[in-house]
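Working notes, beginning with the structure itself.
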Amino acid sequence: MSAKTIDLTLKVWRQKGQNSEGSFKEYPAKGVSVHASFLEMLDQVNEALISQGQDPIAFDHDCREGICGSCGFMISGNAHGPIKSTTVCQLHMRNFENGEVLTLEPWRATAFPVIKDLMVDRSAFDRIITAGGYISVNTGNAPDGNCLPIPKPDADEAFASAACIGCGACVASCKNASAALFTSAKISHLALLPQGQIEKEKRTIKMVEKMDSEGFGACTSTGACEASCPKDISLTNIARMNREFLKAALCEKPEHHHGEG
Amino acid sequence: MMRQVALGTVELQTRREMLDLVVVDGKARGIITRNLLTGEIEAHEADAVVVCTGGYSNVFYLSTNAMACAVTAAWKAHKKGAFFANPCFTQIHPTCIPVHGENQSKLTLMSESLRNDGRVWVPKEKGDKRPPQDIPENERDYYLERVYPSFGNLAPRDVASRQAKYRVDEGRGVGETGMAVYLDFRDSIKRLGADKIEERYGNLFEMYAKIAGEDPYKTPMRMYPAPHYTMGGLWVDYNLMSTIPGLFVAGEANFSDHGANRLGASALMQGLADGYFVLPYTLGDYLAKTKLDKVSIEADPFKAAINQVNGDITKLMSIKGTRTVESFHKELGRIMWEYCGMARNEKGLLKALELIPKLREEFWTNVRVPGEANYLNPELEKAGRVADFLELGELMCRDALERKESCGGHFRTSTKLQTMKLKGTMKNSAILPLGSGMDQVKLKLGTKKNSNLKTLNSQLAVINRGLYVS
Ligand SMILES: Cc1cc2nc3c(=O)[nH]c(=O)nc-3n(C[C@H](O)[C@H](O)[C@H](O)COP(=O)(O)OP(=O)(O)OC[C@H]3O[C@@H](n4cnc5c(N)ncnc54)[C@H](O)[C@@H]3O)c2cc1C
Ligand code: SF4
Ligand code: FES
């Protein structure tokens, strides 16, 4: 295959475990096809490391098509790299110049402890969802498709919020390590649909409280999250979350426990 | 599910991999997992086990599946006695972004809906390297429209995939590698306007532009088939229970719903049906009707399973050979793609059955797994999965060899026409039993009338018309 290739130098954060010291190490990435993805470039570097008896660089990944949210790290200060609306698994090497030096670092946030090298623990996001990111109905017979008409613009807006893949780039790009963009996307997605109305107040309060207690910082509306989000989640979600939270806090009723099922 | 997690009825065990099934007194009573962060081997006892671990397209190395998709859970259950049905029924999807080179790690699917408005073509001349826009209309071969006038670009998946392969094999493939065909939107854009096309396929066009580095509004997409779905899997009865009582299998991991060739959009439907409408009833029924003694993870079958898992891991770590796990996986993938892919024949399958055991032997004597077993170790995870693919691959080839007839995704090129009892009227190619492997003989049959040919399975062709969802 006669594909064009480039040579790069990588400065990669190596850290054995959560409680170990980390440091940058330099690796050459030579003869990288410009058609390869960034993760394929790392595969190539890892194959060479393994052959030389060295420890390969650990990074999270699964779908490699921008839909699962597993991948993500900083490339020279940019979450998921320099190209807008793109996860690192969908970032292609044609976007880099021959001879470039790239610095690879894991997401940095108290709520995302490093597991190894470029891998972090994002289970704090799972716990925010567990706090209320769902609709409490048990599955029974499928309802008729047209029994709950939803205007197209509402459906589109809910869909745009639902596009969040939970990658954590928003947290990593925020100087306060705030999870406001993620949490607001999840709250908005349900708040925009009729099915989400019933538990709206309770859900908003619980998810926001969980977000705060997981150690994410406060949102100061600098917008770095929106700029780095691979799924173009909009800041208007945060405004909606704040509005919903205020409304919910004002009319919060004491909770009744009927035992949920 | 997260609501149930909050309610305490479901406990998530994330970053764990099932490495064995535990059978006690003939019933599935637990599993063994490896904690992927700490390497700890953990035993879990249960009243019943439900395996929903997806398909095994990654046996081909390159597929549209996610990287962690593996046959391991299903394979371990098979080794514990669960029957494996139709392993060779695999689906090769026609519209994927083609391979760019040796370092390619996975293939990206472009939704099949693109074929609603895109026209598939290759140059008429072999080795025509002109850019597509410089190739005049009369020098293009819109081969699906030519070969299947009434299906046109909407021919069923397996048919469209094989046709693409024939064109590439004829030396008429396009792009840098010659391993692709064009999917061209020029005419639809002319007819409907770029806006309409953007409304329909905007996100797909964007994705393609990102990966391929070309603008599909201006130049045709390049496409090539890729392994995408596996119809085969663990055998289950109507209650989704395998041949091991208490072991249930749902989703792509079972063999149940799709016969020899899955139709578009039906995999997610199956997942919903299995999970929402079948298992909640059949699992409860099993538990209600079955007397289950108490089991403990201290019992012998658990200890034996743990020993087996630990033994395999120690073995993999101690080989310290010279070849990476990835290189074995790639080689297996090439064998499977070449001899057990879109078209299969006896000679090729016999060859694969020679190559795979040799490769497996080399794997177990020369693989290099770096790092430590009791720590996060993605290479060790991969090694275990590839070891199982090396066994599954052989089973797939044996199954494919055994099935002398063509059937859905399983296409035997050596199948003789006379063995298929065909009769009736063949007015044109479009009434051929697409999906039953007859597309290759189409040109010979062409316009024969009242011959002794009959559609082998005309329903299949009709069903196949309804597949253009994804
Ligand atoms: C790119 C792509 C697009 C598709 N588009 C469509 C579509 O539009 N419509 C449609 O109907 N179908 C589509 N399909 C098919 C469909 O998505 C799959 O068949 C379906 O998701 C399978 O669901 P599942 O739950 O059975 O398995 P999966 O979704 O594959 O889930 C299996 C899970 O088990 C995990 N796992 C595997 N082994 C182990 C183990 N040993 N221990 C622990 N965990 C394990 C895997 O990591 C995975 O998370 C598509 C498939 C792909 C790849
Ligand atoms: S909001 Fe965007 S950046 Fe944040 S988790 Fe979701 S997809 Fe990732
Ligand atoms: S690997 Fe799934 S989004 Fe990147």
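Naming: A, B, ... by sequence-line order, numbering from 1 per chain.
Between the side chain of A/Ser20 and the backbone N or O of A/Gly17 there is at least one donor-acceptor pair closer than 3.5 Å.
Within the 4.5 angstrom heavy-atom criterion, only side-chain atoms of A/Asp60, from C-beta onward, approach chain B. Contact annotation for B/Glu206: neither backbone nor side-chain heavy atoms come within less than 4.5 Å of a heavy atom of chain A. With a 4.5 Å cut-off on non-hydrogen atoms, A/Ile50 touches chain B through its backbone and its side chain both. Both the backbone and the side chain of A/Arg64 come within contact range of chain B, with heavy atoms under 4.5 Å apart. Only the side chain of A/Ala58 comes within contact range of chain B, judged by heavy atoms closer than 4.5 Å. Residue A/Ile83 does not touch chain B at all, counting heavy-atom pairs closer than 4.5 Å. In this structure, chain B has heavy atoms under 4.5 Å from both the backbone and the side chain of A/Asp126. With a threshold of 4.5 angstrom between heavy atoms, A/Met119 approaches chain B through side-chain atoms but not through N, CA, C or O. The contact between A/Asp62 and chain B is made by backbone and side chain atoms together, counting heavy-atom distances below 4.5 Å. Residue B/Leu107 touches chain A through its backbone alone, counting heavy-atom pairs closer than 4.5 Å.
In this structure, B/Arg222 pairs ionically with B/Glu214, as a charged nitrogen and a carboxylate oxygen lie closer than 4.0 Å. Looking at A/Lys16 and B/Glu372, a side-chain N of the basic residue comes within less than 4.0 Å of a carboxylate O on the acidic one, giving a salt bridge. We find that B/Arg334 and B/Glu102 are joined by a salt bridge, their nearest charged nitrogen and carboxylate oxygen being less than 4.0 Å apart. Looking at A/Lys210 and A/Glu214, a side-chain N of the basic residue comes within less than 4.0 Å of a carboxylate O on the acidic one, giving a salt bridge. Ion pair B/Glu362/B/Arg323 flagged as a salt bridge, since at least one NZ, NE, NH1 or NH2 atom sits closer than 4.0 Å to an Asp/Glu carboxylate oxygen. For the pair B/Arg200 and B/Asp195, the salt-bridge criterion is not met [side-chain N within less than 4.0 Å of a carboxylate O].
Ranked by heavy-atom pairs shorter than 4.5 Å toward chain A, the options B/Val5, B/Thr322, B/Ile211, B/Asn377 are led by B/Ile211. Top candidate by heavy-atom pairs under 4.5 Å with chain A, chosen from B/Ser105, B/Pro280, B/Ala6, is B/Ser105. With chain A as partner, the option from B/Thr108, B/Thr14, B/Thr64 having the largest number of non-hydrogen pairs under 4.5 angstrom is B/Thr108.
Here A/Phe59 pairs with A/His61 under the ring-ring contact (aromatic ring centres under 6.0 Å, His included) rule; sequence neighbours left out.
Side chain to side chain, A/Ser37 and A/Gln90 fail the donor-acceptor criterion of an N or O pair below 3.5 Å.
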